Amino acid sequence: MNAQKTLGVLRRCNFARYALAFVLICTVQAFATASPPAWADHRVLLLHSYHQDLEWSEGIQSGVFDALNQSDNPVELVTEHLDAARLGLAGLRDRFDPLFLAMLKTKLAAMPVDVVIVADNPALDFFLAHREDLAPGVPLVFCGVNNYQPEMTAGQALVTGVVEAPSFAETLETGMRLYPLATKLLVLGEDNVTFRSNRALLEKALARLPSPPEVQYFISTRIEDIEARVAQLGPEWLVLPMVRPGDHHGLLPLPEAAARISAASPVPVLAGWDFWMGHGPLGGKVVSSTAQGQAAGKIAQDILAGKDPAAIPVMTDSPNRFIFDHNALIRFNVDASQLPPGSREINHPSSFYENNRILVWSYLGFTFLLLICLVVLAVNIMRRSNAERRLQGQFNMVNSLLEAMPNPLFLKDAHGVYKGCNKAFETLLGLTRNEIVGRTVFDLAKPEIARTAHSIDMGILATGIAKACELPLLTRSGERTFLFNKAPYLDADGNTSGLVTVLTDLTERKQAEAALRESEAKFRRVLGGMLEGYVNTTQEGAITEFNPAYRDMLGYSDEELRLLTYQQLTPSKWHAQEARIIDDLVMKRGYSDFYEKEYIRKDGSIIPVELRTYLLRDSLGNPVGLWAFVRDISERRHMQEAMVQNEKMMSVGGLAAGMAHEINNPLSGILQSAQVMSLRLKDDLHANRVQAEAVGCDFDAMSKYLERRGVLDMLAGIRESAARAARIVANMLDFSRRGDGEKMPFDLNVLLDAALELCASDYDLQKNYDFRHIALERDYDTSLPPVPCTPTQIEQVVMNILRNAAQAMAKREPGAAPARIALRTRRDGDMARIDIEDNGPGMNETTRKRIFEPFFTTKKPGDGTGLGLSVSYYIISNNHDGSLEAESSPGQGTRFVIRLPLQDSGGGTT
């Protein structure tokens, strides 16, 4: 009985083998007769702007292919894609990947083309920029080009093509006629160049309509916002989408976007392009990608036939077509007979045969093949009946071997049918041997796994080479992963007749590996999200790993940073100190305390950092590297400097007040006495002459004596010095106390102009620095609101800075650029910002840090008191709760930045 079963199996196997051979022969023959010739008369390059699976690109490809195949002469079509939509390369003239350009140049050199067709604007821009390198002198045909202007191809010979222009007027006119309730139009758009261009075309089209609808624009790319907006529309609306929607995952496929918008809208959705159709919109006269491709292909065919490209005008009338969706017509009760003549109606119900033509013929063919297989099987059974007894002994041996194997094991024949298995395999699947033998992997595994396993089996049977692979398998305890060790076995004649497979369970190991990968992924996510820098180095200092915060802190790219060591990033003055920290702390106890040092950024600037370094060990505990958390403390340093400066100002303020009051009294006496002495010595006062005659003194002779000895000049010098000392005392008093001036909202632009006017009339500036010869640049923010301040104090601050700038630029070298001062106002968050910038000699960092200290000055004695900027700093920081900063470097000029709050201390805003 077992022998008969075995013979039956063999007969069925041979029948299946013969049937498979027959099907393969028929298939090869069919493809052989349908394949194109290996040569072609012409070769055409089609360069797409976008990626291959995009509906628009596929339509153009289909249209070009159809047009080129209308000719009797074979044409080879070569296709390339720029993928501009997904890469964001809207303008490709000068910034496309040079590797792609070199590849395309090499390909075209090896495979010259007779005509080049470019689809859409990015491809046209790219090819025109590189035409002489890629295909000089080859005719160029474009299609799908928006907003075409002759200037786009100016200076280019042998160029013609097809313009893409939406038919908004016809679409709106037809939509309002088919849907009479509509008096309003909602346009869905987005903030980009394409939408603004299409909007301009739409508004021109609306102007041509006798009764244009009321238009409202909704600008958003979020599909949720669009769905919410269109869901609110009443029956008087129509919708026209000109947007590429997306969600938090990115851009949506256009079919999905069209379906969602149409489903949410209670009114018809019109379409301007064919890629919106078929998924819910009603339709319109749409830009057809297929028609664009056919028109471009027809022009290319004319050129290949010998027509001069210069004699073929650019087709400015876009070949658009009326297309409507049958389901949308039904939904909105639109009579199809009212559609424009020649309209195409899609999604129209068709017969079972039309929808399933391939299925019907496949079924008939399969039935015919099945009949042949049955005949072959009957013949094969009769031929192989005598082989059963010879094989019975072999099967008994195999069965014993299978039962002795501890691992799950099974046998298959050359057709993938299970011939046997051991007890371990039965237990694994939870099936009996009778339930396994005679079945295939398609009966026991998921379809996708079954196809993979069957393909591997057929490969082994064809090559005769053993192979190991990992595959999931559904067992009685659930899906598990196994290592399948497969090897072919031979029959008595030495031919491959099947394969044997031994299984090893890898589930636990895979789970451990997956857990490790998940742990590593979490670690990467944590590092990527950290605000502090993380860096990993070898013991020699080579950087091997870092997070984005560390990279951004230093300003290098990933590739540049991996070529550096941490020693190269550290100024040399820190090397010895850091080496001691690593040797004394990290290498001994495994980590350091927090310590500070500096880093050199890519631009050469120095930044202070705080870090803590840890020792990295391998699985055996041996040191293999270092890692550290690094924090940029530049802002903290700036805050510390500001706090120190503020403390200095507060301390010196009290001292200045005391000194000013103590100096004022004797200074008043000096001034008054000098003034009285000058009056007593004037010759034009009658009282002076009377008293001189009373004592017998010649007043005229005395006046000459005083003049010759310079006594009068000395008295004038005493008065001038005393006046200067009085001004110093006044500045010290201003510095020492918070201004009591009343704050009021004031226009900073007006205030700056007033300060400039005062500086222009300042005698000192005119005499020594000629302020009027300095070029003034005003860049005011006219939208800046009034700022609460004491105008006279802010004016004083601005004049101090302007005076210092004029004095500094007076020392410029001969031949230097003309003196210039720029004044700018801007809004900076909740602050108003004033920038005063000159192109003077600048100052070093040491000087910059001290310029706001009282009595600090770089001027020669007598030219300055050292209190101007100190008082200015006090006015801005203490009186107005703002900030005053200086930015400068030698030879680069100086910029003072004043920030004043737009909200006063009482909480009011301006």
Side-chain angles (χ1 to χ4, degrees), residues 39-49 56-57 59-80 82 92-93 104-105 107-109 111-167 170 197 201 285 287-321 342:
W39 57 272
D41 291 341
H42 300 285
R43 180 180 290 118
V44 174
L45 170 64
L46 174 56
L47 182 61
H48 287 287
S49 292
W56 177 261
S57 299
I60 290 179
Q61 177 95 7
S62 175
V64 171
F65 185 84
D66 291 343
L68 292 178
N69 278 277
Q70 297 297 320
S71 171
D72 296 333
N73 298 323
V75 177
E76 180 185 3
L77 182 62
V78 180
T79 305
E80 294 290 342
L82 295 182
L92 303 176
R93 282 186 175 269
L104 188 57
K105 182 178 179 181
K107 181 179 290 188
L108 291 178
M111 301 170 56
V113 297
D114 302 297
V115 176
V116 176
I117 301 175
V118 294
D120 299 289
N121 294 67
L124 176 62
D125 291 345
F126 171 80
F127 196 85
L128 288 178
H130 306 288
R131 188 179 185 186
E132 291 304 313
D133 291 333
L134 296 174
V138 177
L140 175 64
V141 180
F142 61 80
C143 64
V145 172
N146 292 299
N147 305 317
Y148 173 78
Q149 299 295 330
E151 294 80 5
M152 296 170 66
T153 56
Q156 297 283 342
L158 306 179
V159 179
T160 185
V162 187
V163 174
E164 174 192 336
S167 301
E170 293 88 338
S197 173
L201 294 176
K285 190 172 184 180
V287 176
S288 170
S289 57
T290 303
Q292 288 277 325
Q294 288 174 341
K298 177 63 172 61
I299 294 174
Q301 193 63 263
D302 292 341
I303 295 173
L304 294 176
K307 193 169 183 179
D308 184 4
I312 304 176
V314 173
M315 186 185 295
T316 57
D317 189 7
S318 182
N320 301 341
R321 301 173 178 174

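Residue numbers count from 1 along this sequence. The model shown is predicted, which means the values in this text are computed figures rather than measured ones.
Thr160 places a side-chain N or O within 3.5 Å of a backbone atom of Ile312 that can act as its donor or acceptor partner. Checking side-chain atoms of Ser49 against main-chain N and O of Ala123 turns up a donor-acceptor pair under 3.5 Å. Remark: side-chain polar atoms of Asp308 are paired, donor with acceptor, to backbone N or O of Ala310 under 3.5 angstrom.
Looking at every heavy atom in both residues, Ala296 comes nearest to Cys143 through CB-CB, 3.7 Å. Ala165 approaches Asn320 most closely through the heavy-atom pair O-ND2, 2.8 Å. Heavy-atom minimum distance, Val78 versus Met111: CG2-CE, 4.1 Å. The heavy-atom pair separating Asp114 from Val138 by the smallest distance is O-CG1, 3.5 Å. When every heavy atom of Gly144 is checked against every heavy atom of Gln292, the shortest pair comes out as N-OE1, 2.7 Å.
Every residue two or more places apart in sequence or in another chain that forms a side chain to side chain donor-acceptor pair (under 3.5 Å) with Asn147 is listed here: Ser197. Listed by chain and residue number, Trp56, Ile60, Asp274 satisfy the side chain to side chain contact (heavy atoms under 4.5 Å, CB included) test with Ser289 (two or more places apart in sequence, or in another chain). For Thr316, there are no side chain to side chain donor-acceptor pair (under 3.5 Å) partners at least two apart in sequence or on another chain. Residues meeting the side chain to side chain donor-acceptor pair (under 3.5 Å) test with Thr79, sequence neighbours left out: Gln61.
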Under 3.5 Å, sequence neighbours excluded: what are the donor-acceptor pairs made by side chains of residues 297-305?
{"residue": "Lys298", "atom": "NZ", "partner": "Asp302", "partner atom": "OD1", "Å": "2.9"}
{"residue": "Lys298", "atom": "NZ", "partner": "Asp302", "partner atom": "OD2", "Å": "3.1"}
{"residue": "Gln301", "atom": "NE2", "partner": "Leu68", "partner atom": "O", "Å": "2.9"}

For residues 151-158, dump all side-chain donor-acceptor pairs below 3.5 Å to protein atoms at least two apart in sequence or in another chain.
{"residue": "Thr153", "atom": "OG1", "partner": "Tyr148", "partner atom": "OH", "Å": "3.2"}
{"residue": "Gln156", "atom": "OE1", "partner": "Arg131", "partner atom": "NH1", "Å": "2.9"}

Intermediate values then yes/no, side chain to side chain contact (heavy atoms under 4.5 Å, CB included), Glu164 and Val145: CA-CA 5 Å; Glu164 174 192 336; Val145 172; 5.8 Å; no

Side chain to side chain contact (heavy atoms under 4.5 Å, CB included) assessment of Val115 paired with His42: CA-CA 9 Å; Val115 176; His42 300 285; over 6 Å; no

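Glu80 CD to Phe126 CZ: the interatomic distance, rounded to the nearest 0.5 Å, is 9.5 Å. Annotation: the span from Asp133 atom CG to Lys105 atom NZ amounts to 4.5 Å, rounded to 0.5 Å. A distance of 7.5 Å separates CG of Asp317 from OG of Ser167, quoted to the nearest 0.5 Å. With rounding to the nearest 0.5 Å, the separation of CZ in Phe142 from CG in Leu128 is 9.5 Å.
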